Colleague: 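Please read through the structure below; I'll follow up with questions.
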2 protein chains.
Amino acid sequence: MVKNTRIKDIAIRAGVSIGTVDRVLHDRGEVSLATREKIQQIIDELDYRPNLLASSLASKKNIVFATFMPKAANQDNYWSKPQHGVEKAKNQLREYGVRIKQFYFEMEDSSSFSAEAEKILLSEPDAVMLAPCAKREAIRFTQKLDERKIPYIFIDSILPNTHPIGFVAQSSYDSGFLAAKLIDWGLGEEGVILLIHIARELDNANHLLLREKGFLQYFEKKSSNRHRLLKMEVSGNGEEEIVRHLADLGINPCEVNAVFVTNSKVNQAAICFKNLCVTPKIIGYDLIPINIALLKEGKIDFLICQKPEMQAFQAINLLFDHLVKKDKIKKENFTSIDLITRENINFYNSY
Amino acid sequence: MVKNTRIKDIAIRAGVSIGTVDRVLHDRGEVSLATREKIQQIIDELDYRPNLLASSLASKKNIVFATFMPKAANQDNYWSKPQHGVEKAKNQLREYGVRIKQFYFEMEDSSSFSAEAEKILLSEPDAVMLAPCAKREAIRFTQKLDERKIPYIFIDSILPNTHPIGFVAQSSYDSGFLAAKLIDWGLGEEGVILLIHIARELDNANHLLLREKGFLQYFEKKSSNRHRLLKMEVSGNGEEEIVRHLADLGINPCEVNAVFVTNSKVNQAAICFKNLCVTPKIIGYDLIPINIALLKEGKIDFLICQKPEMQAFQAINLLFDHLVKKDKIKKENFTSIDLITRENINFYNSY
DNA sequence: CTGAAAGCGCTTACAG
DNA sequence: CTGAAAGCGCTTACAG
């Protein structure tokens, strides 16, 4: 057995009891300056690392995290994925005395955000993990967390002018940029490219705008660009909406060579073109079941993924490292920008 | 505090001491059939899960894993990556009483494989993780492990007719298939495609042949294929070798539209074409520094990656789950087939 | 075949 | 300000 230094070893070297060592270790006062310095020196010298196992075994303390994200209507919904990540972290950190309370808000109803946020504050958690989807409400909530000095971490996306201990999210700009590159690579010299936003409140959904920005900038940066770029916004009520907007643009569907949809609703565009018997190259986001089916069918070419299960799992673990292990954690945790096709989807792992 | 069932709870319910409960828990005999059955029933009923923390804290037992893979000449070498994965697992499992001894063989010299393998057997490890690169020697080694009933797990690739408890590796066939799809998507209607093997002993490197197979079958399955496929094998001594082989095939370098190299030596092909001032689309494998540089420079278009650090890390953890936690582990652990471009490389994580 | 006791490294009152 | 002791859930000899 390779022996690690124990509290006891430090105590012996310092000629004190382990209780005193523990006091300087956890900085809970009641130690004379002289002995404190002496002990600290030995700690540094021996490079002492506490045994986390023994520590959480002995401690009866519980720590409570609250998680906050949109409610997933069913298993097929995107938001059921981060939920799984939370469950996994929950099971794993259970034996370390971590409890997790999950809270949800309705995507469509921002008042439910504020109501649930109030419940979270009442429950007095030690830390919060949240997906700041409703921008305005989320900012108000983080201000209250700041006041109460409750640390929080973001998943999925980021909010400006807030003070989280960190975030786990994908760079929206760069994912859009990559989508553009793929389309450029697949299209050859020239073609008609259609960017579609399928969203209710585009102005309150910052990451979709960033994806668009990255997408457009790719082509702007390209020296010689002979593609024709079109853009449309639809609310997501039926596929004929897309056809109508195309008509407004004076475009026949069969003229479209490539389509980029800025979120997981790419299936609506894919089905639209499928019904029209037109086959542009189509790129969108996220591995929800309907998208997977269309990918395998060849109606979607690429899905850009961001391991939402892992984001939540990692965020919880970062909170744990920060609060329990007292590690200094990395603040910016960018998720990889994964490219999924029908050829590699069967090997894609959530974690 | 949510209370988990403890040995003590079972003991009380059964009206015995915790020592006896421990005996049936670890199946170490010396218990009458009657009490054993009674206790077992209570265990099942309460769905008892041992507290791993307390268990490894109390146990002074050490468990030793041996790892075996090609020696990495330097940090830039592919094999330094799995090595990092091993280090990480080592640090993490240390407090659970796991020790790891690392052994290496020379890629070029198969006799070093056998010599080191002998050392591993002498050290009598509890389990072995190995990269079975030298096919013939590796098979002989696994036979000896089988005889001694030492469990082993593969990383990187798989060997037929062996009995590992599992493997963590990428499907070579499917990665080749995906490479073909990318080239097909990027090339449009027609083009000259060159497949290059850069390897010393191609017949002893099964996975390269599988990558080729997947690549070729993609085009065979395609209904209408107007691409022209060429193939060459070079030993990897200088780039002019590729030019010479092209001449032998009667091809002018500038006629080549796309290149697929079946391993991490893709940088040699990329540099070759760069020097010729020709810019075919190039796809290869693995994020070693020189490949990364060429990718960023635009001289390589895609790198297919397989998280080698993670493979080793995961394999060690599977051994731990199998031997220490006594979990039934998943045997086939296929790594994802990751697509890296200059646009997403900065966000790619090793784990 | 079974139980009682010591100990793993740490935390937590409590006594002085 | 400091120390001694009990306890977290489990393992490991040892006594009977």
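Everything quoted here is computed from the prediction, not taken from an experiment. Numbered from 1 within each chain, the chains take letters A, B, ... in sequence-line order.
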Colleague: Rounded to whole Å, please give me the gap between NZ in A:Lys38 and P in D:dC1.
Modeller: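 Whole-Å distance recorded here is 17 Å.
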
Colleague: Map B:Arg36 and B:Ala58 onto DNA chain C by nearest heavy atom, then report which one ends up closer to the 5' terminus.
Modeller: B:Arg36

Colleague: Of the nucleotides D:dT12, D:dC10, C:dC10, which has the atom closest to the A:Pro50 side chain?
Modeller: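 My answer, after comparing the listed nucleotides, is C:dC10.
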
Colleague: Do the side chain of A:Asn91 and the main chain of A:Lys88 share a donor and acceptor less than 3.5 angstrom apart?
Modeller: no

Colleague: With both distances under 3.5 Å as the test, what is the Watson-Crick or G-U wobble partner of D:dA13?
Modeller: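 Here D:dA13 is not engaged in any pair, so there is no nucleotide opposite it.
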
Colleague: Does a nitrogen or oxygen in the side chain of B:Tyr48 sit under 4.0 Å from OP1 or OP2 of D:dC10?
Modeller: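 It does, given that an N or O in the side chain of B:Tyr48 lies less than 4.0 Å from OP1 or OP2 of D:dC10.
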
Colleague: Nearest whole Å is fine: how far is D:dC10 P from B:Arg49 CZ?
Modeller: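 Answer to the nearest Å: 13 Å.
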
Colleague: May I have the distance from A:Asp22 (atom CG) to C:dG9 (atom C1'), rounded to whole angstrom?
Modeller: 11 Å

Colleague: Is B:Asp126 salt-bridged to B:Arg99, cutoff N-O under 4.0 Å?
Modeller: no

Colleague: For D:dT2, does OP1 or OP2 lie under 4.0 Å from any side-chain N or O of A:Thr20?
Modeller: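 No, outside the criterion.
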
Colleague: Can you tell me which nucleotide in D:dA4, C:dG9, D:dG9 comes closest to the side chain of A:Ser17?
Modeller: D:dA4

Colleague: Taking only side-chain nitrogens and oxygens of A:Thr35, does any of them come within less than 4.0 Å of OP1 or OP2 of D:dT2?
Modeller: yes

Colleague: Can you tell me how far C1' of C:dG7 sits from NZ of B:Lys61, to the nearest Å?
Modeller: 16 Å

Colleague: Using Watson-Crick or G-U wobble geometry with both distances below 3.5 Å, tell me the partner of C:dA4, or none.
Modeller: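 When the pairing criteria are applied, nothing turns out to pair with C:dA4, so the answer is none.
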
Colleague: Specify the separation, in whole Å, of atom CD1 of B:Ile7 and atom P of D:dC8.
Modeller: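 In whole Å, D:dC8 P and B:Ile7 CD1 are 14 Å from each other.
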
Colleague: Is there a side-chain polar atom (N or O) of A:Ser59 under 4.0 Å from OP1 or OP2 of C:dT12?
Modeller: yes

Colleague: Under 4.0 Å, counting only non-hydrogen atoms across every strand here, what does A:Asn51 touch: a base, just sugar-phosphate, or nothing?
Modeller: sugar-phosphate

Colleague: Do NZ/NE/NH1/NH2 and the carboxylate oxygens of A:Glu95 and B:Arg49 come within less than 4.0 Å?
Modeller: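 So A:Glu95 does not pair with B:Arg49 through a salt bridge.
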
Colleague: Counting the atoms with a prime plus P, OP1 and OP2 as sugar-phosphate, which does A:Leu52 contact under 4.0 Å by heavy atoms, base, sugar-phosphate, or nothing?
Modeller: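 The answer is nothing, as A:Leu52 stays clear of every strand by at least 4.0 Å.
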
Colleague: Starting from P on C:dC10, measure out to CG on B:Leu53 and report it in whole angstrom.
Modeller: 13 Å

Colleague: Roughly how many Å is it from CD in A:Glu37 to C1' in D:dC1, rounded to a whole number?
Modeller: 15 Å

Colleague: If you look at every heavy atom in B:Cys305 and B:Tyr348, which pair is closest and at what distance?
Modeller: CB-OH, 3.5 Å

Colleague: Tell me the interatomic distance from A:His26, atom NE2, to C:dT12, atom P, rounded to whole angstroms.
Modeller: 8 Å

Colleague: Using a strict threshold of under 4.0 Å (side-chain N to carboxylate O), is an ion pair present between B:Glu137 and B:Arg140?
Modeller: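 Looking at B:Glu137 together with B:Arg140, the answer is no, because their closest N to O distance does not fall below 4.0 Å.
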
